[in-house]
Q: 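Below you'll find the structure I mean.
Keep in mind that this is a model prediction, so the values were computed, not measured.
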Amino acid sequence: MMRSNNPSIPIPRTVPLLPLHDKVLLPGVVTRLQISRRDSIPLFEKILRSYDSKDLNKCIIGVFPVHTPVSLPGGKTNKHTSSSAADKKSSSISRSDYGGYPLTDDGVVVGSNAGQVVPLIGGPGNGGGQVPPVDPAHIHTTGCAARLVRLERAVGGFTVMLEGVVRLRLNKIISQTPFFEADVTPLLDRPIDKNDQDLQDQIVTLKSTSKEFVSLLQILKLPAPILVQLQKFLENVGVIPGQVVDLLMSTIESTNEEKLMILDAADLKERIPKAIELLTRQIHVLKISQKVHDNVEGKLNKKQREFYLRQQIAAIKEELGEKDAGEEDEMTTIENRLTAANLPAEVQKAADREMKRLRKMQPASSEYSVIRNYLDWLGDLPWNKSSEDNLDVERARKQLNDDHHGLEKVKRRILEYLAVTKLQLLKGDVKGPILCLVGPPGVGKTSLGRSIATAMGRKFHRISLGGVWDESEIRGHRRTYVGALPGLIIHGLKKCEVNNPVFLLDEIDKVGSRGHHGDPSAAFLEVLDPEQNNTFTDHYLNVPFDLSKVLFIATANSLDTISGPLLDRMELITIPGYTYAEKLAIATNHLLPKQIRQHGLNDDDVEVTQEALLKVATGYTRESGVRHLEREIGSLVRAKAVEYAEAQERRLANDGGALLQPDYHPLVSATDVEDILGQEKYVNEVTERTPTPGVVTGMAYNGIGGGILFIEASQMPGKGNLQLTGSLGDVIKESAQIALSWVKGHGYDLGLTTDHGQNVMEKSDVHIHMPGGGTPKDGPSAGIAMVCALVSMFAHQTVPATTAMTGEFTLRGLVMPVGGIKEKVIAAHRAGVRKIIMPLRNRKDVVADVPPNVREEIEFFYASTVWEVLREAFEGRVAARAGSVAASGVLDSRI
């Protein structure tokens, strides 16, 4: 038997061995373990049978760390790798008395060795029952003799509390079943040799480092009883330096490898330097943590002191009457801005409420900046600030005529608004109209809105609505959200700085549909309603703002995507496509001078003839607007700019004279257009076609303007089936079915059959096709054109290529009116059509909407029945058989 440093605890030569995973036990340290391994449970079963509860502290166990083997290439394992890179966190221990050792609030148990205070280390124990058995080769050769302090049964095993006593060296494993037993040798600390100067220097360094560590713990406000115990224990560092090292290593943050390094260092001269190194590292970590903590706390304290000092200074100045108006604080600045804004009563009440809240807050508060931004918005909005309208009707008319050619309806409506405003100025209750300009791209909707603002002398703001899919972009975000801001309407008012600007709501038909972010088009129902927008409430402001003085002008390419309620709130003004005459005037007066200026030339440097401009419009563009025409004119100007620059270079190189060389000619003629722009891109589709049986020219209208389309009918052997192609919709397919039914029903009257009961499609199929399959087509207006195509095919008669037609018809042969007449006629005029057949009830649309020059160049025929259409389309070559109902003129009967 040998004795440890504590002579009252004998250390046997042979001791039961407890393999310890993921943990290292040092002498003088108390730890609690959960025992659940199969190779460890029998040991404590035997201890319970062999020892009384009062004699448990006489039981000595050898606790040795176990290495976890690491897989190496080739399937080999490394047997000398530590089981973990860092200690697991201590398990929670309830406040109670463990074996006579009191437990503090911080989980520290006061040990029995020389009265030291050590942290109680708990842990997950020795693993679960499913882990493989311990290989004796993996057991570390250095361990610690432990005294059993407490032993309790637990679910699946035991809960034990052990106190490290002395280091042990493992000589050999004696037995492995039912538990490990080993032959060990205690490694006692040698007595301190006072003549060993190196050791004494190490002890002095250890003592000073330990004191610095304890002083840092005092700054971090550890419990006083623990600090007192540590200080008492450190006073004996000169007597028991080994135990001090073991204690300190259990209190600082260290990995399992570092603790194994301390455990293996049986010699004090080897152990103390390693401990000093780890302790110094921990001191540096604590200093950095303390510095960060002091910086944060110092900043908070500084702001608090500044706030209180400002309040005291303000109170002293107010008491002495020495407050200087030139040194206004932040609150005074905000109040002055709100006063200057002349807020309405309801808004002023909300502003006063927020000001009271702001005064009670510290600037460091997150809510402070939210309220400050809100008050800034209230102070920046033009609640009662308006610009003076220019109500001179004649001046406004001249401004609109100078900026835009044509567009008489829009100009007339704006002049009406100015006149009414001028007459009712004294009443002050004029509400701005809600205009919606509908037309294809490039006809000048956006530029017209800017011209209206200029004519009225108002500020102009454009809001692009294309792709807006969130309702909050219109009505703003509520202040409960981080980064909340008002919507586009309030943003525009702040930018304009007046409450009566002209707002252009561009592309209102492109607003996103209803989704999980709300319906943005529904948000406009309040904005664009003259009866409601005087109390428009943005979600961010949460107070009403009067929008009745704002002139809203919306633009759209199509009305199909605009909801009915929103459409009902706007006054629609249709802007159709331009005729060639209008395009020629626009190019001469607006587009050409603009392109010349943009390319750095003077008006005299480029001259384009009317014939050249007309050739560009007819041969290089095919659009309702003038956007593409402007690009082509820009190409002409750029070509002349190159010639001009080259001529200048030659002049400077030759004689430096002031005049250009005579080889530069500013004139662009019709023959020069093709040299600059290349071959013509478009030809008159109608005039280039040869009349063919079964082919008829129809007229179409879509959201971007009108156009012509060709209807082709073909007959082939078959069983009387009808085939339709060309990306046709349901309505136009029905028109084709009705047309075929009418032709089959009147085959004898048309002279297509020799007998009343004979079927014109008895042994044949019919195929109707509309070229341009990539473009969807739908609508009923191609009805009479399909009838003519079928009759032309069956009768082998042709319709002139320059004749186009549009109109819906019934099974009884009545021709019904259709829409989009102006756009269709203008598109047909561009394509070279010289005769148009349309419903009689559309005569008023031609007279009211179609430009006079187009009416003069096109022959219009108005039909009320299909028979009239056929007679005019085939120029009398197809007529009703004598004696038929059609020939007698009786087409329908009523009772």
Q: May I ask you to decide if Ala585's main-chain N or O and Asn589's side chain share a donor-acceptor pair within less than 3.5 Å?
A: yes

Q: Mark yes or no for whether Tyr620, through its side chain, and His628, through its backbone, hold a donor-acceptor pair below 3.5 Å.
A: no

Q: I'd like to know if Lys835 and Glu875 make a salt bridge, using a cut-off of under 4.0 Å between side-chain N and carboxylate O.
A: no

Q: Tell me, please, which residues at least two apart from His796 pass ring-ring contact (aromatic ring centres under 6.0 Å, His included).
A: none

Q: Does Val818 offer a backbone N or O that forms a donor-acceptor pair with the side chain of Asn842 under 3.5 Å?
A: yes

Q: Looking at Arg638, Arg631, Glu630, His590, which hits side chain to side chain donor-acceptor pair (under 3.5 Å) with Gln595?
A: Glu630

Q: Restricting to side-chain contact (heavy atoms from CB on, under 4.5 Å), what partner residues turn up for Ala612, sequence neighbours left out?
A: Val608, Thr609, Val673

Q: Treating Asp765 as the side-chain partner and Leu722 as the backbone partner, does any N or O pair qualify as donor plus acceptor under 3.5 Å?
A: no

Q: Apply the test side-chain contact (heavy atoms from CB on, under 4.5 Å) to residues Leu591 and Ile586: give CA-CA distance (whole Å), side-chain angles for both, the deciding distance (0.1 Å), then the verdict.
A: CA-CA 6 Å; Leu591 302 182; Ile586 293 171; 4.0 Å; yes

Q: When the ring planes of His746 and Trp867 are compared, do they come out parallel, tilted or perpendicular, using 30° and 60° as the limits?
A: perpendicular

Q: So among Asp506, Thr446, Leu505, Leu504, which one has a side chain to side chain contact (heavy atoms under 4.5 Å, CB included) with Ile553?
A: Leu504

Q: How far apart are the closest heavy atoms of Thr692 and Ser792, and which atoms are they?
A: O-OG, 4.2 Å

Q: Is the closest side-chain heavy-atom distance between Val743 and Val791 below 4.5 Å?
A: yes

Q: Which heavy atom of Ser741 sits nearest to which heavy atom of Leu811, and what is that distance?
A: CB-CD2, 4.2 Å

Q: Show which side-chain atoms of residues 567-576 pair as donor or acceptor with protein atoms under 3.5 Å away, not counting sequence neighbours.
A:
from: Arg569; atom 1: NE; to: Leu525; atom 2: O; distance (Å): 2.9
from: Arg569; atom 1: NH1; to: Pro565; atom 2: O; distance (Å): 3.1
from: Glu571; atom 1: OE1; to: Arg413; atom 2: NE; distance (Å): 3.1
from: Glu571; atom 1: OE1; to: Arg413; atom 2: NH2; distance (Å): 3.3
from: Glu571; atom 1: OE2; to: Arg413; atom 2: NE; distance (Å): 2.6

Q: Taking the side chain as every heavy atom from C-beta outward, state whether Cys788 and Leu870 have any atom pair closer than 4.5 Å.
A: yes

Q: Holding to ring-ring contact (aromatic ring centres under 6.0 Å, His included), I want the full list of residues that pass it with His461, two or more places apart in sequence or in another chain.
A: Phe503

Q: Under a 4.5 Å cut-off applied to non-hydrogen side-chain atoms, are Ile434 and Asp529 in contact?
A: no

Q: Any pair with a residue in residues 848-859 that passes side chain to side chain donor-acceptor pair (under 3.5 Å), sequence neighbours left out, goes on the list, sorted by first then second residue, please.
A: His829-Glu857

Q: What are the two closest non-hydrogen atoms of Val825 and Met699, and how far apart are they?
A: N-CE, 3.9 Å

Q: Specify the closest pair of heavy atoms between Ala556 and Ile562, including all atoms of both residues, with the distance to one decimal.
A: CB-CD1, 4.0 Å

Q: Pair Met838, Lys824 - check side-chain contact (heavy atoms from CB on, under 4.5 Å), show working.
A: CA-CA 11 Å; Met838 65 174 57; Lys824 292 177 180 178; over 6 Å; no

Q: Check step by step if side-chain hydrogen bond (donor to acceptor under 3.5 Å, both in side chains) holds for Thr725 and His769.
A: CA-CA 5 Å; Thr725 57; His769 174 67; 2.8 Å; yes

Q: Minimum heavy-atom separation for Pro691 and Ala801, please, with both atom names.
A: CG-N, 4.1 Å

Q: Using a cut-off of 6.0 Å, state whether more than 12 heavy atoms not belonging to Lys510 lie near its atom NZ.
A: yes

Q: Please find the pair of heavy atoms, one from Asn721 and one from Met761, that lie closest to each other, and give the distance.
A: O-CE, 3.6 Å

Q: Tell me, please, which residues at least two apart from Glu868 pass salt bridge (Lys or Arg N to Asp or Glu O under 4.0 Å).
A: none

Q: Between Asn533 and Val527, is the side-chain contact (heavy atoms from CB on, under 4.5 Å) condition met? List the steps.
A: CA-CA 5 Å; Asn533 63 8; Val527 175; 5.6 Å; no

